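Just so it is clear, the model here is predicted, and its values are computed rather than measured. In the text below, chain A, chain B and the rest are named by the order of the sequence lines, each starting its count at 1.
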Amino acid sequence: MKKPILEENAVLSVQSCQKLYGINRGCQDINFDLYPGEVLGIVGESGSGKSTLLNCLSGNNQPDHGAIIYRDSVGMAQDIYEMNEARRRLLMRSEFGIVKQNPKDGLRMRVSAGANIGERLMAVGDRHYGDIRTKAGDWLTQVEMPKDRLDDMPFEFSGGMQQRLQIARVLVTRPRLVLMDEPTGGLDVSVQAKLLDLIRSLVSELNLSVIMVTHDLAVARLLCDRLLVMQQSRVIEQGLTDQVLDDPQHPYTQLLVSSVLTP
Amino acid sequence: MSYVSENSAIVTRNDGALLTIQNLYKQFELHTQKNTSIPIFNDLSLVFKKSECTVLVGPSGLGKSTLLKCLYGNYKIDQGEVLVHFDDENVDMATCSAQMINALRRNVIGYVSQFLRVIPRVPAIDLVSEPLISQGCAPEQAIEKAQVMLRRLSIPENLWNLSPTTFSGGEQQRINIARGFIADYPILLLDEPTASLDHRNVQVVIELIHEAKAHGTAIVGIFHDEHVRDQVSDVTINLAEVAQ
Amino acid sequence: MPNQSEYNFAYLDEQSKRTIRRGLLKAVAIPGHQVPFAGREMPMPYGWGTGGVQVTASILGADDCLKVIDQGSDDTTNAVSIRRFFDKTALVETTTDTEAATVIQTRHRIPEQPLTNNQILVFQVPIPEPLRFIEPSESETMKMHALEEYGVMHVKLYEDIAHHGHIATTYAYPVHVNGRYVMDPSPIPKFDNPKMHMSDALLLFGAGREKRLYAIPPYTDVKSLDFDDHPFEIQQWDQSCALCGCEHSFLDEVIVNDEGERMFVCSDSHFCQQRVNAKLNMSEAVEV
């Protein structure tokens, strides 16, 4: 039998990333590679440094030291903080996608759903209203929302729909790397399931690489290929999701896993 | 088939081994429970061959399921090697990357567990066709094969488009079996696949195992049911004898 | 009234005028770019043209001839007050004649009669930042200008078409200047936007409350933002001017009596008057 051929080039390579606000506050000694199509979960309690790390990765927070190397669609690898700001910001609205925990932070609440989805298209140069509108409508369908709500305002939507709208808004430019901060955070359980399914099918359809911060281990199990467990600014354990959850090695991970009802 | 021996010379393996366990050590350290250590395997070595069904037996608590989980990368290997033998080289599951283990799970090693853990809301037909699609099979073809599989396992057609989270234990078990057998993995791990099945479906599973063996699959299984064991087993390993 | 003004020439002190002129030079050098300036308190409330007045004060010379219009009209309160202000503080000649003026301060219009290369048009600007409606943070809008991130400008136009079927923005219609900066042309009707493109006259913009200057030098490319399938269009009327009969000027709708009867007249009062006079002269000439 033939050995599986692995993708050699990581989409994102994080090397000794550190951003500290105090002793063990923030994140430090972070090292990992993310490969195309992989979903990486970052779990840990509040204050463990998950969000600091995610902010470093999303270009909003320059690390004290270390490198965050992104390999772009044409195969050029570069530290996102070493490129000029114009290019970094362009990447953030084209090849990166950032999904906020609270959809109100990721959406423009005072413009229609269609304009929210279309914005990133217009930001990368689309100037044909008809095309933009068609694409926006298609994406609304993709995230399982009725097309006839294209001209409705985000505040008219439920929380789950707002989150799906945010995902459509981010995915419309076909990003390669999506960063999600507690995407199912404030949602009802039934809505969560729907969203999990949606995220998972989009990930495989679009071959997205995803980094997802969550404190919900059940969500992590269902969506993530790999996990990083953070405690007090450091990654204390990392590995395959089911290995970390079913056979945790570090005392803190064991505590974390044994503390939830259905991991 | 070949593997790198200890003195690094390439030795051709013509014994048909697909999976080798060498000097496996495994124990659980329970840090949250008074730092208890539970030793499971102490220098375990086994070989699993092409077209052979190896049945693990022994009293419960000896680590039959644990061994399958070590072979699937689900449990960490403390020491020793779990080698998957490929045409040109071996991959050691104890030391290879998570990325490699995911690739092995996608293409090489299948696993039928006793429990179904899936995202709620995903229809049964999609769950069963998923392993094929992730191997690159065209969705229409994968769905077709999934239908055949579900029909064989007597899952009523009106359930195909429902999520198995609401299915009975036996039905969920059969979804697991369908997922395990649909993709023709060269290595298949079965953890009590027939535990909650009726006689007719047990017979189907036995057939599936025979077909897989005919394809060359190496099967490692745990079966409570002596009737099944007798029908499928080529090699029986009593962990009580080899593990300590 | 003594012949000599009791004020420094054009009210502002020389140093203040000089800093504003320096700002204007920079603004001219970078068309469409907003330059901050140390705005002075003027003897009028914000919103009445303090920005425009400071620009006018800074560029006026003793031999200039000043015209002031408000919504195209020379005789509204705002226009009359500002004209008198400079009449009193700079003792410059003032006029209502577009052709005779060397400096024209305007609120909300560009004159119908094409301007020439020895004229300067000074705009009063309430909100200079075209990105403000979508981005409240000043540091962020500065960054967006610096990096030419103007995609969001089309969000507003998209919303217009989605809700009204066409671009419903009719005034303060954003323009792309010299292929670089997106600029708010102040609340002029979009009817006037094409007049800024390759204009012979220098166009200066002053925002008093926000303390920003910007400019369009003569012969600069000025493009109104639009979509490929919804190109920029100016307003059109079925009517012609009830007074002068003009069919291509910007018309104001005027309600003439309590019955709600309306008529449409040129918003540029001097332009209209000129045409009416010309007609009268013609008919007189015919009679003779």
Report task. Could you tell me whether B/Q135 atom CD has more than 12 heavy atoms of other residues or ligands within 6.0 Å of it? Result -> yes

Report summary line: Comparing B/E29, B/M100, B/K69 against chain A, the one with the most heavy-atom pairs below 4.5 Å turns out to be B/M100

Query raised in the report: Do A/E144 and A/R164 meet the salt-bridge criterion of a basic N to acidic O distance under 4.0 Å?
Result: no

Query raised in the report: With only heavy atoms counted, which part of B/Q33 is less than 4.5 Å from chain A, the side chain, the backbone, both or neither?
Result: neither

Query raised in the report: Are B/R105 and B/Y72 in a cation-pi setup, meaning NZ or CZ lies under 6.0 angstrom from the ring centre and within 45 degrees of the ring axis?
Result: yes

Query raised in the report: Any Lys/Arg nitrogen of A/D29 or A/R234 sitting under 4.0 Å from an Asp/Glu carboxylate oxygen of the other?
Result: yes

Query - Stepwise salt bridge (charged side-chain N to carboxylate O under 4.0 Å, His left out) test for B/E130 and A/R200 - result: CA-CA 12 Å; B/E130 186 201 10; A/R200 213 172 71 129; 3.6 Å; yes

Report summary line: Under 4.5 Å to a heavy atom of chain A? For B/S134 that would be neither

Query raised in the report: Is A/K3 salt-bridged to B/D88, cutoff N-O under 4.0 Å?
Result: no

Query raised in the report: Is chain B contacted by the side chain of A/I5, its backbone, both, or neither, given a heavy-atom distance below 4.5 Å?
Result: neither

Report summary line: If you tally heavy-atom pairs under 4.5 Å between each of A/L255, A/V219, A/D246 and chain B, the highest tally belongs to A/D246

Report summary line: Scored by heavy-atom pairs under 4.5 Å with chain A, the best of B/V118, B/N74, B/V84, B/T32 is B/N74

Requested in this report: Considering only heavy atoms and a distance below 4.5 Å, find which of A/E7, A/Q238, A/E38, A/Q249 pairs most often with chain B.
Outcome: A/Q249

Query - Heavy-atom contact with chain B under 4.5 Å, split by part of A/Q192 - result: neither

